[in-house]
Amino acid sequence: MKNKPEILVITEIPQPMITTLEQHFVVHKYWQQDEQTLLRDHAHAIRGALTRAARGISTSLIEQLPALEAISGFGVGVDATDLETCRRRGITVSNTPNVLNECVADTGLALMLAVTRKICEADRFARAGQWEHAAFPGAWKMSGKRCGIVGMGNIGHDVARRAAAFNMPIHYFSPREARNSRWQRHQSIVDLARAVDFLVLTLPGGAKTHHVINREVLEALGPEGILVNIARGSVVDTDALIAVLQEGKLRGAGLDVFENEPHIPLPLRELPNVVLLPHIASNTAETRQAMADLTINNLVSYFNDGKMLTPVV
Ligand code: 8YV
């Protein structure tokens, strides 16, 4: 193809994605190059960008790319990119909705089970040969307990359907009504936390939801409550979470996301009743392939037909 559009790939992505992108675009690898040289030589020609959802693209970089028209995000979250600036500049932004719902919801259920049944602790116990000396202390039952979901979007619905199969009554807090009228909606997150045993977070990140899971919510969830975060680290006040866990005011937590990824505070890593994952909810071969295809197809579609397939802005 003549005159391939130039794009900037912000974060390291798998080589097969680069190979496919290079069939359609001139690809600049931001993470591999000296920023000043790259911007001096190519800033005026770069029309597209590709980034991971959790990383986004900084406002200062957007401002240094005067020809930028389209940003394709690998992931569903768009909280790490300044959408207002994009709107003002007329830059189209897309994400990869829906293709990851099932895997993210599966991870939510995996964390709920792992914390309540102490799966990771039991695994450490078995590996260490401790079973030869003593029986593993008991855990707790999950089936039939009340499941609370914060953010009843598509992922929230998939968590609810799975939890319902465990005979768990479904409660939720969300700006929009759930598709199932048997699920009970609450007026605030604190009310929801008071009414449930599990609080599963599937709400978007960003300024509006920053630290909505605060000490008051965690204390309302109570000493038999379990927090599961498969949303964004920013929605939880991590210091408050650590404090309530240390004070025995919460039974446990299952966390796939953190405020300052990839750094996880030492006190969290030292708590036995916490299961920690390195942001892997969507990380299966099948889902990552679907996300990669959609991320690339959004850019190809924009530059061929003037429209992204799944635009957010
Ligand atoms: C990905 C995510 O792990 O979809 C999102 O918003 O955070 C995740 O699915 C991430 O985008 C890949 O780095």
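Counting starts at 1 for both ligands and their atoms, following the listed order.
- Pairs passing the ring-ring contact (aromatic ring centres under 6.0 Å, His included) check and including a residue from residues 194-216, sequence neighbours excluded, do not occur.
- Residue-level contacts of ligand 1 at the 4.0 Å heavy-atom threshold are R52, A53, A54, F74, G75, V76, G77, L100, R232, H279, S282, R288, M291.
- A donor-acceptor contact closer than 3.5 angstrom links the side chains of E6 and H28.
- The salt bridge (Lys or Arg N to Asp or Glu O under 4.0 Å) contacts involving residues 138-153 comprise R146-D197, where partners must be two or more places apart or lie in separate chains.
- Using cut-offs of 30° and 60° on the angle between ring planes, the pair F303 and F25 is perpendicular.
- Although no hydrogens or angles enter the test, the distance criterion places a donor-acceptor pair under 3.5 Å between the side chain of N298 and the main chain of L309.
- Here P265 pairs with T238, I242, P267, L268 under the side chain to side chain contact (heavy atoms under 4.5 Å, CB included) rule; sequence neighbours left out.
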